[in-house]
Amino acid sequence: MSTNSSGVRLRSVTKRFRSGTIGIDNASLTIEGGEFVTFLGPSGSGKTTTLNTIAGFVRPTSGSIEIGGRDVTKVPPSKRNLGIVFQNYALFPHMSVRDNVAFGLHGRGLSKHEVSKRINDVLTMVRLGGLEDRRPKQLSGGQQQRVALARALVYQPPVLLMDEPLSALDKALRDQMQVEIGRIHREVGTTFLFVTHDQNEALGLSDRIVLFNEGRILQVGTPSELYEQPRSLFAAQFLGESNVFRGRVTSAQTLEFAGVPLRFNGGAPATKSAAIVVRPENLLVRQADEARPDENQVSALITNISYFGSFRSIMVSYLDGSSGQLRESASSEARFSRGDNVSVCWDPGRAVLVDDGEAAA
Amino acid sequence: MSENTRGGWGLWIWAALVAVLLVAPLLAVVPISFSAKQSFTFPPSSLSLKWYENIVSSPRWWSAIGTSILLGVLVMVICTLLGTAAALGIHRYPGRVGAVVTGILVAPMIIPGIVSAVAIYASYLRWHLTGNLQGFLLAHTVLALPFVVVTVLSSLSSTDPALERAAASLGAGAWRTFARVTLPAIAPSVGAGALFSFVTSFDEVVAASFLQSPVIRTLPIEMFVSVTNQVDPTIAAVSTVILALTTMVVLLPVIVRNRRPKGASS
Ligand SMILES: Nc1ncnc2c1ncn2[C@@H]1O[C@H](COP(=O)(O)OP(=O)(O)OP(=O)(O)O)[C@@H](O)[C@H]1O
Ligand SMILES: [Mg+2]
């Protein structure tokens, strides 16, 4: 299949529904051609609304949308030339697989021969050859998903939109389709916009993640940027596990957590109240008297230890009553058990400081 | 024998009983229509076709049958087009406007027939719509429209709204979306609505009895008039003809559907 991709640009897009609900609030976003971008966020955070403004099903209250450099804010969905995969696939029930896929090729000035070649190619790509004459009802969920992909890709749209396309599948199939979607993206080279509230899908598939909460775009970045440098407590807690030490910033380098000074790297935040976030794999457990001067150190009580084969997950509770977790390689000797009072330590360079302003979800 | 089977027998007997109660009077009418005597005795002592000859040779009956069929077909066509369009509109604007429009269109189904009929008569008298086909057409359209609106509306609300969005995303305009996606989804209900509207008109007595004149009468009215004038089995013969016709109308779609080869594409 030929490479054909466009960038997408949102400029200050706001959607206020007639009920007064804000679906999306002043969102600006630039997506490059060929990127795989996921919209991630909790339920009701505005992912679908944003996708629908790009698709044209929702007209923004203000702001503008560009696709491939063209302003499409007032262009109807049928003229935007986008591929869309719907959550429940929305396959035409009375048409065969072939007719479903052929639907979008109508009126594009293709010869009969070209049409059937395109259909065959795309069905081969999604690995559905031989099922052309089936009706959607005669296919499994995974196969329907593939038809939906084929139907949306056959006319080589420059952008493909998918709203939680995997949510109707069971876990095993979801993992398999996730790999397939990644492969198809590399094969067609089209820009993919993928909505999900499953962080594993987002981390595994995307070039970049757009994190939504309460109708706002909180952060945009690669999966590792979002994981390693969350810019808000919400981002830190939504993506992956984290240990949160809330406290007061006392100097440009220290935050006081339950009476204990903790050092952090980077400049002081604008607000006095902030939190240090440390990922479980960056924490170490030591005997209470074993601490080193170059590390931050917090006392903790071990509440549980679970064994996961390659690592042990240790649940702890901190001085302020909050709980956290850390990981220890299972190859090291198990020195602690439940109920032990220990020191939890980390290198200040392996933690981030975030505003406490946005309360946890 | 298992209890299950006995339950099955009970159900069969019950069904047979209901069937007999429903169908028996109809089946009595058929033999009477072939009676040789001018009486309703059942079973008839001797047979003839003279009541059928009576219909065939009487211009009154011909004209009534013709009027009813013409009227029914026109009402069906108009109601199917208008009713489907109305249902599509109501479905698209589901707010207060939709509710009000639905209420107005469906009202004739709820208002007692005699009330509608009197109201229709009173206003049509003024508009010179009594005793002519236009009057019948207008009245029956109003009375039959709800059946199309209601059946099409219910099938629209059970079809996946994402289908129309999908069609739009694939580049289809309003017409192609309607013809290739929406219409196939609601076609069975449109068909059922069409059938209902034909039968409603064909069967309608109350408004028709106000609007009729010696010049224009529908079949039910002609039957009514003939029964009050003289009692003979002609009426049974007419009933038999109607029975045969309506059975055919109802069975036709079933037969056509079974004839179509399996898996044929649309
Ligand atoms: N048609 C609508 N009318 C009124 N409010 C709406 C409408 N569609 C969405 N909303 C509201 O806008 C907000 C954002 O909704 P949206 O569907 O974009 O969330 P989402 O991130 O896709 O959530 P989910 O993960 O549950 O699909 C929600 O508060 C929702 O209730
Ligand atoms: Mg959504």
Side-chain angles (χ1 to χ4, degrees), chain A residues 18-19 48 51-52 54-58 75-109 132-138 147-148 150-157 159-165 168, chain B residues 84 87-100 151-152 154-194 253 256-266:
Chain A
R18 227 180 303 170
S19 59
T48 297
L51 201 75
N52 282 345
I54 298 171
F57 300 134
V58 166
V75 176
S78 59
K79 300 247 157 60
R80 294 197 184 190
N81 193 30
L82 301 170
I84 302 182
V85 175
F86 293 82
Q87 187 163 3
N88 293 309
Y89 318 136
L91 299 176
F92 305 129
H94 56 283
M95 291 184 202
S96 65
V97 167
R98 182 186 286 106
D99 290 344
N100 263 283
V101 175
F103 194 91
L105 290 174
H106 180 87
R108 288 177 195 265
E132 292 85 347
D133 294 320
R134 299 262 191 102
R135 296 287 168 98
K137 267 207 194 106
Q138 303 167 315
V147 178
R151 184 178 69 176
L153 285 170
V154 71
Y155 47 94
Q156 299 167 359
V159 179
L160 182 73
L161 310 180
M162 291 177 274
D163 193 351
E164 310 217 17
Chain B
T84 305
L88 286 168
I90 292 166
H91 185 67
R92 170 126 345 150
Y93 301 100
R96 203 171 307 160
V97 180
V100 169
T151 46
V152 174
S154 88
S155 102
L156 277 174
S157 60
S158 67
T159 56
D160 182 0
L163 289 181
E164 291 191 359
R165 289 183 161 195
S169 79
L170 294 166
W175 265 113
R176 190 166 133 78
T177 302
F178 176 72
R180 298 272 283 129
V181 176
T182 315
L183 191 55
I186 62 171
S189 303
V190 174
V256 168
R257 198 170 311 156
N258 287 349
R259 275 275 187 86
R260 212 189 305 170
K262 273 186 211 161
S265 68
S266 46

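Letters A, B, ... are given to chains in the order of the sequence lines, protein chains preceding strands, and every chain is numbered from 1.
- Side-chain contact check for B:L163 versus A:F86: every heavy-atom pair is 4.5 Å or farther apart.
- If you measure heavy-atom distances from A:P76 to chain B, you find no contacts under 4.5 Å at all.
- Of the listed residues (B:P161, B:A167, B:G173), the one with the most heavy-atom contacts under 4.5 Å to chain A is B:A167.
- Of the atoms belonging to A:R108, it is side-chain heavy atoms, and not backbone ones, that fall under 4.5 Å from chain B.
- Here A:F103 is the residue among A:Y89, A:Y155, A:F103 with the most heavy-atom pairs under 4.5 Å with chain B.
- Side-chain atoms of B:D160 come within 3.5 Å of backbone N or O of B:A162 as a donor-acceptor pair.
- Residues A:T48 and A:D163 have side chains that bring a donor and an acceptor to within less than 3.5 angstrom of each other.
- Contacts of A:L105 with chain B are absent, with no heavy-atom separation under 4.5 Å from either backbone or side chain.
- Comparing B:A166, B:G171, B:A172 by how many heavy-atom pairs each has under 4.5 Å with chain A, the most go to B:A166.
- Between B:T182 and B:T177, some side-chain heavy-atom pair lies under the 4.5 Å cut-off.
- For B:R92, the CZ atom counts as loosely surrounded, since its 6.0 Å shell holds 12 or fewer non-hydrogen atoms of other residues, nucleotides or ligands.
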